[in-house]
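Note sheet for the following structure.
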Amino acid sequence: MLFDLRSPGRRRVIKTVYLFLAILIGVGLVGFGVGTGGSFGGLFSAAANGGGAGGTGNTKIINELKTAEKKAKASPKNAALWAKAGVAAYAVAVLPDNYDSSLGYTTGGHAALDKMKVAWQHYLALAPSAPDISFAQEVSGAFAIPPTGIKDWSTAESAQEIVAENDQTAQQYEYLAYYAYQAKDLTTGDQAGAKAITLAPKKQAKTLKTTLLEMRASVTGSTGASGATGST
């Protein structure tokens, strides 16, 4: 198991994984919109601002979700309406009663995220030719970033694929590899890892290669070579 600390190699893997998680928290990943080109505030900025106004403001946000859901269900083949419903659900998820910056989501927050996930699934099924990157960024952040407790890696992975393909940076493909490995999708993880290494500056590629191998090992328990290692 990952938390068996008796093996020096396993301790090194754990250190690497938690360092990666710390980096995700430190830079805010997509939650802060850093490195993604997004203009939205994201999870932590929304929470820091109280997730919206109180009283009447909260009611307005909740009603906006109801309206967005109603419109999406009335026109189920309209991807843009599902995206609006998903974004509206996210806004509800980070309201003060639904999200605590130190504890994570409350029952109400989880319920709103369930609605966001449903909207995302409908959106993906429609395979829009020009994906909504901001929506994908919010889904990726909401379902993966610690310390909220939401670790729906498969959902985060599906959104991060869109983010990475749009951004085309080593960093975003590294995130995709991590999410994919956590979701036990080793094939996608290896492919994303190889892409990250290809895009990384040469002086960083060797370190990135080691990091990716250790990410993979934290899931598989093996430090053997994988498709993520690519030549450098």
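Residue indices begin at 1 and follow the sequence shown. Below, each value reflects all heavy atoms present in this structure, side chains not excepted, and no hydrogens, waters or symmetry copies.
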Find the distance between CD1 (I61) and CG (L95) and round it off to the nearest 0.5 Å.
-> 4.5 Å

Heavy-atom nearest pair, A89 first then M116, reads CB-N, 3.6 Å

Return yes if some donor-acceptor pair links the side-chain N/O of Q160 with the main-chain N/O of Q172 below 3.5 Å, else return no.
-> yes

Compare every heavy atom of A196 with every heavy atom of E174, then report the nearest pair and how far apart it is.
-> N-CB, 3.8 Å

Which one of W82, F135, Y90 satisfies the ring-ring contact (aromatic ring centres under 6.0 Å, His included) criterion with W120?
-> F135

Can you check whether D132's main-chain N or O pairs, donor with acceptor, with Y123's side chain at less than 3.5 Å?
-> yes

Are H122 and V118 close enough, and set up right, to give a side chain to side chain contact (heavy atoms under 4.5 Å, CB included), and what steps lead you there?
-> CA-CA 6 Å; H122 279 286; V118 168; 3.6 Å; yes

What's the verdict on side chain to side chain contact (heavy atoms under 4.5 Å, CB included) for E214 and T211, showing C-alpha distance, side-chain angles and the deciding distance?
-> CA-CA 5 Å; E214 293 181 344; T211 299; 5.7 Å; no

Can you find a pair of side-chain heavy atoms, one from E69 and one from K115, that are under 4.5 Å apart?
-> yes

Sole residue of I62, V92, N58 in side-chain contact (heavy atoms from CB on, under 4.5 Å) with N98 | V92

By side-chain contact (heavy atoms from CB on, under 4.5 Å), T198 pairs with (sequence neighbours left out) none

Are L81 and L65 grouped together when hydrophobic residues (ILVMFWY) are joined by side-chain heavy atoms under 4.5 angstrom apart?
-> no

Flag side-chain contact, heavy atom, 4.5 Å: V94 against Y105 = yes

When rounded to the nearest 0.5 angstrom, what is the spacing between NZ in K195 and OG1 in T169?
-> 11.0 Å

Show your reasoning for whether side chain to side chain contact (heavy atoms under 4.5 Å, CB included) applies to Q182 and K151.
-> CA-CA 9 Å; Q182 292 300 310; K151 296 179 181 179; over 6 Å; no

Same cluster or not: are L208 and L176 linked, directly or through other Ile, Leu, Val, Met, Phe, Trp or Tyr residues, by side-chain heavy atoms under 4.5 angstrom apart?
-> no

Determine yes or no for a side-chain-to-main-chain donor-acceptor pair under 3.5 angstrom, with N63 supplying the side chain and T59 the backbone.
-> yes

Ring centers of Y178, W153 separated by less than 6.0 Å = yes

Nearest atoms (heavy-atom pairs only) where A136 meets A159 = O-CB, 3.3 Å

Please report the closest heavy-atom contact between A192 and A177, naming both atoms and the distance.
-> CB-N, 3.7 Å

Ignoring hydrogens and angles, state whether a donor on the side chain of Q191 or Y173 is under 3.5 Å from an acceptor on the partner side chain.
-> no

State whether the side chain of T155 and the backbone N or O of V139 hold a donor-acceptor pair below 3.5 Å, judged by distance alone.
-> no

Find the distance between CG (L199) and CD (Q171) and round it off to the nearest 0.5 Å.
-> 12.0 Å

Atom pair CD1 (I162) and CD (Q137), whose distance is rounded to the nearest 0.5 Å = 11.0 Å

Roughly how far, to the nearest 0.5 Å, is the OG atom of S140 from the OH atom of Y175?
-> 9.5 Å

Could you state the interatomic distance from CG (L126) to NZ (K77), rounded to the nearest 0.5 Å?
-> 9.0 Å

For A85 against A72, the heavy-atom pair lying closest together | CB-CB, 4.3 Å

S158 vs L124 side-chain heavy atoms within contact, under 4.5 Å = yes

Exercise: identify the closest heavy-atom pair between L212 and Y181 = O-CE1, 3.9 Å

